[in-house]
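This report refers to the structure that appears directly beneath it.
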Amino acid sequence: MLGTRSQRYQNGSIRRVKRAKGFAWEFRYYAREDDKRVPRVQTLSAAKFKTERDVRQHLEGFILKLNEQTEYAQSAGVTFNALLDRYMKEEMSTRRATIGSYTSIINQHLRPR
């Protein structure tokens with residue numbers, strides 16, 4: 001298998017960036033496009049995420065999806081918060097009442113534990 005390279009597991013990097021009114025969080029990572037590693041940046045609001053820990057928890061599902069093709073990710077355990085995030089994005093019902101009820105249960109009972 002010459003020419004194929006294994007993908008690296010990546011956590012990305014998070015840094016605090018100054019803005020005119022306070023700061024924002026910058027998440028840097030690499031995406032795979034046409035067999036090339038392309039740098040990407042996501043900016044997250046400091047008003048919504050007060051600490052780096054909050055940002056990491058929010059990005060947990062995204063990082064899991066980003067690394068799903070790596071050898072390590074296929075053997076590593078998945079955290080419950082990442083599983084909840086993925087469920088909410090991909091599998092949750094489209095009905096407003098159901099979304100409201102499930103989101104409330106998830107945020108008040110499942111995530112704190």
Under the side-chain hydrogen bond (donor to acceptor under 3.5 Å, both in side chains) test, residues paired with Arg28 that sit two or more places apart
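Arg28: side-chain hydrogen bond (donor to acceptor under 3.5 Å, both in side chains) contacts with Glu26.
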List in chain and number order the residues that pass side-chain hydrogen bond (donor to acceptor under 3.5 Å, both in side chains) with Arg40, two or more places apart in sequence or in another chain; answer none if no residue qualifies.
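Once residues adjacent in sequence are excluded, the partners of Arg40 under the side-chain hydrogen bond (donor to acceptor under 3.5 Å, both in side chains) criterion are Glu33.
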Contacts of type ring-ring contact (aromatic ring centres under 6.0 Å, His included), residue Tyr87, not counting sequence neighbours:
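For Tyr87, no residue satisfies ring-ring contact (aromatic ring centres under 6.0 Å, His included) once neighbours in sequence are set aside.
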Could you give all pairs that pass the ring-ring contact (aromatic ring centres under 6.0 Å, His included) test and reach residues 29-70, with sequence neighbours left out?
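Listed once each, the pairs are Phe27-Tyr29, Tyr29-Phe62, Phe49-His58.
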Between Pro112 and Gln108, which heavy-atom pair has the shortest distance, and what is it?
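Looks like CG-O, 3.5 Å.
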Which atom pair, heavy atoms only, marks the closest approach of Gly12 to Arg56?
O-NH2, 3.8 Å
Could you tell me whether the side chain of Met92 reaches within less than 4.5 Å of the side chain of Ile106, counting heavy atoms only?
yes
Taking the side chain as every heavy atom from C-beta outward, state whether Val17 and Thr43 have any atom pair closer than 4.5 Å.
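The answer is no, as the side chains (C-beta and beyond) never meet within the 4.5 Å cut-off.
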Might you work through the side-chain contact (heavy atoms from CB on, under 4.5 Å) test for Ile14 and Leu44, ending with a clear yes or no?
CA-CA 10 Å; Ile14 296 173; Leu44 302 162; over 6 Å; no
Taking side chain to side chain contact (heavy atoms under 4.5 Å, CB included) as the definition, give me every residue that meets it alongside Thr51, ordered by chain and number, with sequence neighbours left out.
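Side chain to side chain contact (heavy atoms under 4.5 Å, CB included) check on Thr51 returns Arg53, Asp54.
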Taking distance alone, no hydrogens or angles, what donor-acceptor pairs closer than 3.5 Å link side-chain atoms of residues 95-104 to residues at least two apart or in another chain?
from: Ser101; atom 1: OG; to: Ala97; atom 2: O; distance (Å): 3.0
from: Thr103; atom 1: OG1; to: Ile99; atom 2: O; distance (Å): 2.6

Arg16 and Phe23: CA distance, side-chain angles, deciding distance, side-chain contact (heavy atoms from CB on, under 4.5 Å) verdict:
CA-CA 7 Å; Arg16 200 174 160 159; Phe23 70 96; 3.1 Å; yes
Give every residue pair that meets the salt bridge (Lys or Arg N to Asp or Glu O under 4.0 Å) criterion with at least one member in residues 79-93, sequence neighbours excluded.
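Salt bridge (Lys or Arg N to Asp or Glu O under 4.0 Å) check on residues 79-93 returns Lys65-Glu90, Glu68-Arg86, Asp85-Arg111, Arg86-Glu90.
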